[in-house]
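What follows is a short report on a single structure.
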Amino acid sequence: MKVLVVGSGGREHALCWKISQSKDCEALFCAPGNGGTQEVATNLDIAANDIAGVLRFCKEEGVGLVVIGPEDPLCGGMADELRAAGIPCFGPGADGAKLEGSKAYAKEVLERHRIPTAGYRRFDRSGEAKDFLNACKVWPQVVKADGLAAGKGVFICADAKEACSAIDAVMEERRLGDEAGASVVVEEFLEGEECSVFAITDGEAILILEPVVDHKQVGEGDTGPNTGGMGVYSPAPSLGNRVLRQIEQRVVIPSIHAVRREGIDFRGVLFIGLMLTESGPKVLEYNVRFGDPEAQALVRRFSDDLLPYLLASAEGSLKDMDPPTWDPRFTVGVIAAADGYPGEYPKGNKISGLTEAAEVEDVVVFHAGTAPKDGEVVTSGGRVLCVSSMAEDMETARDRAYAAYDKISWSGKFCRRDIGGRVEARKARVAALMGQKLDSGKGAEPTVPLG
Ligand code: AMP
Ligand code: GLY
């Protein structure tokens with residue numbers, strides 16, 4: 001089968017790396033791809049949001065499956081166009097993608113189906129939002145731009161002054177674009193530990209993937225501004241079976257049912273961002289695609305051929321698949337970023353040491369913001385590489401990832417040195433948050449049967 005992966009980041013390199021190993025993959029293309037995807041796929045001169053270009057290529061080449069990586073083409077309806085032309089596609093249509101594309105819509109769905117989430121108000125006028133915030137007695141409050149904002153649309157505000165400036169920036173100045181700032185959601189601040197779960201679905205069957213932990217903030221010790229993700233590890237020792245079961249019963253299964261009851265035929269992966277709180281797991285956000293760099297961890301631990309699962313999701317036959325096998329070892333992914341990220345950063349710097357890094361035992365270097373240039377590889381994004389390792393234990397996995405990272409150089413490279421470094425503290429925090437409810441029965445909500 002011919003397969004096309006849409007996108008150009010680390011997630012897409014990871015997907016291409018994994019799909020290229022499939023016995024069913026006869027040819028693999030990436031639109032537009034990056035300096036890493038060219039090693040395992042044919043890069044196409046088609047932009048990730050060029051729906052007509054992707055459609056034309058698929059028809060000409062007889063592509064049997066399209067895997068859409070990023071949210072933009074999904075929200076733009078690329079999957080609908082492909083399916084209408086009879087081309088199987090992994091990724092929801094525009095109706096399903098709205099769960100990520102509109103925070104207000106996602107909150108409505110959560111509320112309508114009684115899925116646990118932070119309390120919220122939606123505002124379409126800045127004056128009303130500010131009146132509400134000026135009268136607020138409880139702080140912090142969270143202000144969220146409604147539309148896609150490349151991870152920049154969430155403001156945790158300590159007081160009314162900060163919150164009103166966020167409203168001005170989003171709704172009056174439209175700093176995140178016209179569409180993103182047409183409405184805002186003002187949400188209760190949730191205290192707890194964050195985690196994410198991924199569920200592949202065809203709208204009926206659900207395949208919950210192994211837990212992965214991202215590191216969102218740019219600075220060590222979780223400081224500084226949020227990024228797309230500075231590192232990742234899996235499995236997550238802090239999320240014991242009991243916690244995972246609770247997440248599955250209270251959030252994942254109800255979310256997939258909710259999507260179906262909304263009349264959405266969701267074929268792809270639902271990525272649920274959660275806060276584990278004293279009153280159980282609560283949804284922070286829905287995304288409708290694999291996370292980046294979470295995908296880089298998932299593909300390393302997914303031991304089976306991934307392509308048949310993606311195809312089964314696209315074709316609606318997921319229930320016929322056996323549960324996949326997972327590599328029990330630890331994987332750590334360290335993002336090598338360009339100085340300045342998540343703000344402005346230089347591009348076009350020559351990268352060296354990639355071959356030496358890949359020689360470190362069980363290391364794979366996934367490219368994110370790189371581009372081929374005159375036979376060399378240069379930086380082209382803020383998150384440049386994801387140096388991914390595997391080992392029997394977390395310590396060795398970390399040592400390998402950083403040993404490989406240190407072999408790579410370009411001017412202005414940086415990383416967080418503490419990826420996977422908070423495992424024990426996190427474990428204790430999650431146990432304190434979730435254990436309290438389960439063990440003492442203090443919570444107000446009924447406890448679901450834990451199977
Ligand atoms: P989102 O894009 O909605 O996941 O928000 C980005 C980040 O903001 C999350 O990963 C959290 O760290 C934080 N965040 C979002 N909503 C809340 C909330 N209600 N309470 C606390 N933190 C939040
Ligand atoms: N790593 C978070 C995301 O992909 O949105």
Side-chain angles (χ1 to χ4, degrees), residues 7 9-15 68-72 74-75 97 99-107 110 116-121 138-158 163 166 170 176 180 184-198 209 211-219 222-234 269-279 281-298 333-335 337 341-342 366 368 381-383 386 416 419 433:
R11 164 185 50 214
E12 287 75 22
H13 185 196
L15 289 168
I68 303 178
E71 59 274 24
D72 275 327
L74 290 166
C75 290
L99 288 168
E100 176 164 359
S102 166
K103 300 261 186 206
Y105 173 68
K107 294 300 284 192
L110 286 159
T117 188
Y120 82 106
R121 295 277 300 264
V138 183
W139 292 95
Q141 292 281 326
V142 186
V143 172
K144 299 185 174 185
D146 178 51
L148 289 183
K152 298 197 174 113
V154 176
F155 304 81
I156 313 248
C157 305
V170 172
L176 303 170
V184 292
V185 162
V186 177
E187 191 175 274
E188 169 199 6
F189 177 80
L190 297 177
E191 195 95 51
E193 277 291 316
E194 272 187 77
C195 73
S196 311
V197 284
F198 292 84
L209 306 183
V212 196
V213 181
D214 186 13
H215 296 61
K216 293 200 181 203
Q217 285 169 282
V218 74
D222 295 328
T223 52
N226 262 355
T227 68
M230 290 299 292
V232 69
Y233 65 88
S234 175
V269 60
L270 186 66
F271 161 2
I272 310 177
L274 294 163
M275 189 70 87
L276 303 176
T277 74
E278 280 186 341
S279 48
K282 295 192 175 177
V283 175
L284 288 178
E285 63 166 346
Y286 285 128
N287 295 306
V288 298
R289 50 172 175 86
F290 284 112
D292 185 340
E294 289 90 333
Q296 290 87 314
L298 290 167
V334 174
I335 297 293
Y341 177 78
F366 293 116
R383 290 189 296 170
C386 175
R416 269 181 68 164
I419 303 305
L433 285 164

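Atoms within each ligand, like the ligands themselves, are counted from 1 in listed order.
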What do you reckon, does F271 put a non-hydrogen atom under 4.0 Å from ligand 2?
-> yes
R289: heavy atom below 4.0 Å from ligand 2, yes or no?
-> yes
Could a heavy atom of E191 be found less than 4.0 Å from some atom of ligand 1?
-> no
Residue-ligand contact K103/ligand 1, heavy atom below 4.0 Å | yes
Does an N or O from R383, backbone or side chain, lie closer than 3.5 Å to an N or O of ligand 2?
-> no
Check whether any N or O atom of D214, backbone or side chain, sits under 3.5 Å from an N or O atom of ligand 2, and answer yes or no.
-> yes
Give a yes or no on whether the backbone of G273 and the side-chain of E285 come within a donor-acceptor separation of less than 3.5 Å.
-> no
Ignoring hydrogens and angles, tell me if any N or O in the side chain of Q217 forms a donor-acceptor pair with the backbone of G224 under 3.5 Å.
-> yes
Which is it for L99 and L270 under the side chain to side chain contact (heavy atoms under 4.5 Å, CB included) test, yes or no, and what are the steps along the way?
-> CA-CA 9 Å; L99 288 168; L270 186 66; 4.2 Å; yes
Could you tell me whether L190 approaches ligand 1 through its side chain, its backbone, both or neither, with non-hydrogen atoms closer than 4.0 Å?
-> both
Where does V142 meet ligand 1, judged by heavy-atom distances below 4.0 Å: at the side chain, the backbone, both, or neither?
-> side chain
Going by the order shown, which atoms of ligand 1 are within less than 4.0 Å of some heavy atom of K216?
-> 10 (O)
Given G228, S196, G291, which one has a non-hydrogen atom that is nearest to atom 2 (C) of ligand 2?
-> G228
Side chain, backbone, both or neither: R11 near ligand 2, heavy atoms under 4.0 Å = neither
CD of E194 to CG of L276, rounded to nearest 0.5 Å, is 9.0 Å
Here the gap from S196 atom OG to L284 atom CG, rounded to the nearest 0.5 Å, amounts to 8.5 Å
With only distance considered, is F189 within less than 3.5 Å of ligand 1 through an N or O on each side?
-> no
Full working for side chain to side chain contact (heavy atoms under 4.5 Å, CB included) between R289 and I68 = CA-CA 8 Å; R289 50 172 175 86; I68 303 178; over 6 Å; no
Could you tell me how the ring of F366 sits relative to the ring of H13: parallel (under 30°), tilted (30 to 60°) or perpendicular (over 60°)?
-> perpendicular
